[in-house]
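Step one of this worksheet: look at the structure below.
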Amino acid sequence: MAACWTLMNRSALLLGSRNLYRNVLFTQSREKKRWMKAYTLIMARKKKIEGEPAPTPRSQQPNWDYHAEVEAFSARLKESFSLELLKTAFVNPCYLCSEEERRRTLGLDCNAAALNLRDNTELREHGQQFTLGFLKDWCKSNFPSLPEAGVEAIVGYLTEPKLMCHVARNLAVEDLAMTGKFPVPEDILQGTFFAVIGALEQSSGAERAGLFVRDFLVTQLIGKDLFDMWKVVNPMGLLVEELNRRGVALPEPRLIQSAGASTVLPLYFVGLYSDRRLLAHGPGETVLAAEEEAARVALRKLFGYTENRRPLDFSTPKEQPQKLASRAVTSG
Amino acid sequence: MTARGTPSRFLQSVLQNGVGRYVCQLKRVSFIFSKNGQSSLGVRDFIEDGVVDFAKKNPGIVVYVSTQSCRIPKVVAEYLNGNVKEELVTNKTSQQIAELITKLSNQSGLDIIRIRKPFHTDSPSIQGQWHPFTNRPPSKDPVGPQAK
C-alpha cells in the first residue's frame with residue numbers, strides 16, 4: 001500500500017499552544033488511507049465490470065519520436081540501414097487501408113491529403129525468399145548429412161510465425177510497425193520482420209543480411225533437439241532408408257538391459273546392431289518404445305545432430321583479403 | 001519474505017543475446033523532472049552536462065527529456081523485452097544519475113528477483129550423462145550383481 005505522510009510538529013509538542021512551523025519533521029506512516037477508500041472501491045468495481053483497459057500502441061503513448069526511434073533501431077542492431085527503405089519496411093498494407101478509411105471518414109479530399117507511403121509487400125517477399133534460401137544453405141552446410149525433409153523441418157521451425165514474432169517483439173519491431181490493428185496480428189508482424197530483412201539486404205548486401213539472420217534466427221536453435229522440430233512418425237523406417245542409402249547392413253534390434261520388468265516403471269535398453277556392430281542404444285518403458293528411441297538416437301548420430309556435437313559457429317567473419325594485404329605491406 | 005514467498009527466475013538472456021552479436025537491451029530512457037523544483041536539481045545539472053554525451057555514446061538508446069511540474073523526478077527505462085523500470089532520482093546529484101543511467105544501460109531488462117542458480121548451460125553433458133547402465137556390459141538377464 002502507498003505510504004501516507006503525517007506531519008509532526010516537534011516544536012508544537014514542546015511549546016504546547018504556540019504554532020511554530022520550524023523544525024517540521026515528516027514521518028512516514030504506512031497505514032491505509034481512510035479517505036481513499038470510497039474512490040478505490042469504486043475504481044475496483046469499474047475495473048471488474050469493464051475488464052482491463054485495452055493495450056495502446058507505444059506510438060500513441062507520450063514520449064515518441066518516430067524518426068529517432070528508427071535511427072536508434074538501426075544503430076542498436078549495429079547495421080547501417082538505408083532509413084528510407086527501413087521506414088518503407090515498417091508500413092503494412094493494412095495500415096494504408098485504415099489510414100485512407102480514416103481520411104475518408106474525416107472528409108478529407110483524396111487528392112488534397114494523398115498518402116505518399118509505399119507499403120512493404122515487395123520488401124516482404126524479397127526478405128522471405130532471402131531468409132528461406134539463406135537458412136536452407138546454412139542448414140545444408142552445417143549438417144551435410146541431414147536429408148531434405150530434415151532441412152525443411154528446421155527451416156520451417158525457424159520461420160514459423162510464433163518464433164519469428166517472439167524474435168520481432170524482443171527486437172522492438174512491434175513498436176515501430178505501422179499496422180491497422182493493435183495488438184499486431186502474428187502474420188503481419190512476421191511479414192514486417194521479413195520486410196526488415198529485405199530492407200537490410202537491399203541496403204547492406206546479402207552478406208550482412210545473412211549475418212543478421214544467423215545472429216537472430218539461427219540462435220533460436222540453441223538447446224533444441226532435432227526431433228522436437230521434425231516430427232518423424234516412423235523413425236525405424238527412416239533409419240532403414242538411410243542405411244540402405246549408405247549401403248550399410250540393416251539394423252537388428254537386441255535387448256541389452258532390462259530392469260523392473262514386472263513393476264509400474266519398467267526400463268528396457270534396446271541396441272541396434274548393423275553387421276554385428278552397435279549403432280545406437282536407447283531406453284524405453286516397453287521394448288517397442290525402447291526400439292523406437294534407439295532408432296531416433298541412431299538417426300541423430302547419422303545426421304550429426306547429437307547433443308555433444310561441435311557448437312555452432314557464431315563468430316564474426318574476419319576480413320581475409322585485408323589481412324593478407326596488411327601482411328604483404330609489412331613484409332615487403 | 002522468504003525465497004518461496006518471493007518470485008524467482010532462472011539465469012537467462014533475452015533472445016540469446018551475446019551469442020550472435022551483443023545488442024544493448026535498453027531501448028528508451030525518459031527523464032521526467034520539474035523546471036524549478038529543488039529535488040530535480042541533480043537531474044537538471046545532468047541534462048546540462050552529461051545527457052548529450054550519454055546519448056552520443058549509445059546511439060541505440062532514444063533519450064527523451066520532458067519537464068512536468070512534479071515533486072519527484074523520475075527516470076523511466078524501457079527495455080527490449082517490454083519491461084519498464086521507473087527509478088526515482090529525487091535529490092540525487094548529477095554524478096549519481098550518470099552512474100544510475102550506466103547501470104540501467106548495462107541491465108538486460110529481466111526482473112531483478114532471486115536467481116535460482118548462478119549458471120545455465122544448454123549442453124550439460126559432453127560424453128553423455130551417467131546413468132546406472134552406462135558402463136555395464138549388455139546382458140539379457142534382469143539387473144543383478146555383476147560377475148567380477
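Naming convention: chains lettered A, B, ... in sequence-line order (proteins, then strands); numbering from 1 in each chain.
Neither the backbone nor the side chain of A/Ala261 comes within contact range of chain B; no heavy atoms are under 4.5 Å apart. The contact between A/Phe212 and chain B is made by backbone and side chain atoms together, counting heavy-atom distances below 4.5 Å. If you measure heavy-atom distances from B/Ser66 to chain A, the contacts under 4.5 Å come from the side chain alone. Contact of A/Leu211 with chain B is made through backbone and side chain together, with heavy-atom distances under 4.5 Å. Looking at B/Val14, the atoms closer than 4.5 Å to chain A (heavy atoms on both sides) all sit in the side chain, from C-beta outward. If you measure heavy-atom distances from A/Arg58 to chain B, the contacts under 4.5 Å come from the side chain alone. For B/Arg28, the part sitting under 4.5 Å from any heavy atom of chain A is the side chain, from C-beta outward, and nothing else. If you measure heavy-atom distances from B/Pro137 to chain A, the contacts under 4.5 Å come from the backbone alone.
In this structure, B/Tyr64 contributes its side chain and A/Pro62 its backbone to no donor-acceptor pair below 3.5 Å. With hydrogens and angles ignored, the 3.5 Å screen pairs no side-chain donor or acceptor of A/Lys78 with any backbone N or O of B/Val23. Under the 3.5 Å distance criterion, the side-chain polar atoms of A/Arg169 are left unmatched by any main-chain donor or acceptor of B/Asn81.
Considering all non-hydrogen atoms of both residues, B/Gly20 and A/Thr219 come closest at N-CG2, 4.1 Å. Residues B/Val62 and A/Ala72 approach most closely at CG2-CB, 3.4 Å, considering heavy atoms.
Side-chain atoms of B/Arg21 and A/Phe216, non-hydrogen and from C-beta on, do get closer than 4.5 Å to each other. The closest side-chain heavy-atom distance from B/Val19 to A/Ile222 is below 4.5 Å. Residues B/Leu80 and A/Arg76 form a side-chain contact, since some pair of their non-hydrogen atoms from C-beta on lies under 4.5 Å apart. Contact check for B/Leu15 versus A/His166: side-chain heavy atoms found under the 4.5 Å cut-off.
Near-neighbour residues of residues 92-130 of chain B relative to chain A, defined by a heavy atom under 4.5 Å from a heavy atom of that chain, comprise B/Asp122, B/Ser123, B/Pro124, B/Ser125, B/Ile126.
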Run the numbers on B/Lys27 and A/Asp175 for side-chain contact (heavy atoms from CB on, under 4.5 Å), then give the verdict. CA-CA 11 Å; B/Lys27 63 181 173 184; A/Asp175 289 347; 2.7 Å; yes
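The greatest number of non-hydrogen atom pairs below 4.5 Å with chain B, out of A/Ala68, A/Ser258, A/Gly223, is found for A/Ser258. Note: A/Ile256 leads A/Val218, A/Leu171, A/Ile256, A/Leu312 in heavy-atom pairs under 4.5 Å with chain B.
Residue B/Asn17 holds its CG atom at 10.0 Å from CG of A/Asn170, rounded to the nearest 0.5 Å. Considering OG of B/Ser139 and CG of A/Leu255, their distance stands at 8.5 Å, rounded to 0.5 Å. Expressed to the nearest 0.5 Å, how far CZ of B/Phe133 lies from CG of A/Leu267 amounts to 5.0 Å. With values rounded to the nearest 0.5 angstrom, A/Phe269 atom CZ is found 4.0 Å from B/His131 atom NE2.
The environment of A/Glu307 atom CD is sparse: at most 12 non-hydrogen atoms of other residues, nucleotides or ligands sit within 6.0 angstrom. For A/Asn308, the CG atom is densely surrounded, since the number of other residues' heavy atoms within 6.0 Å is greater than 12.
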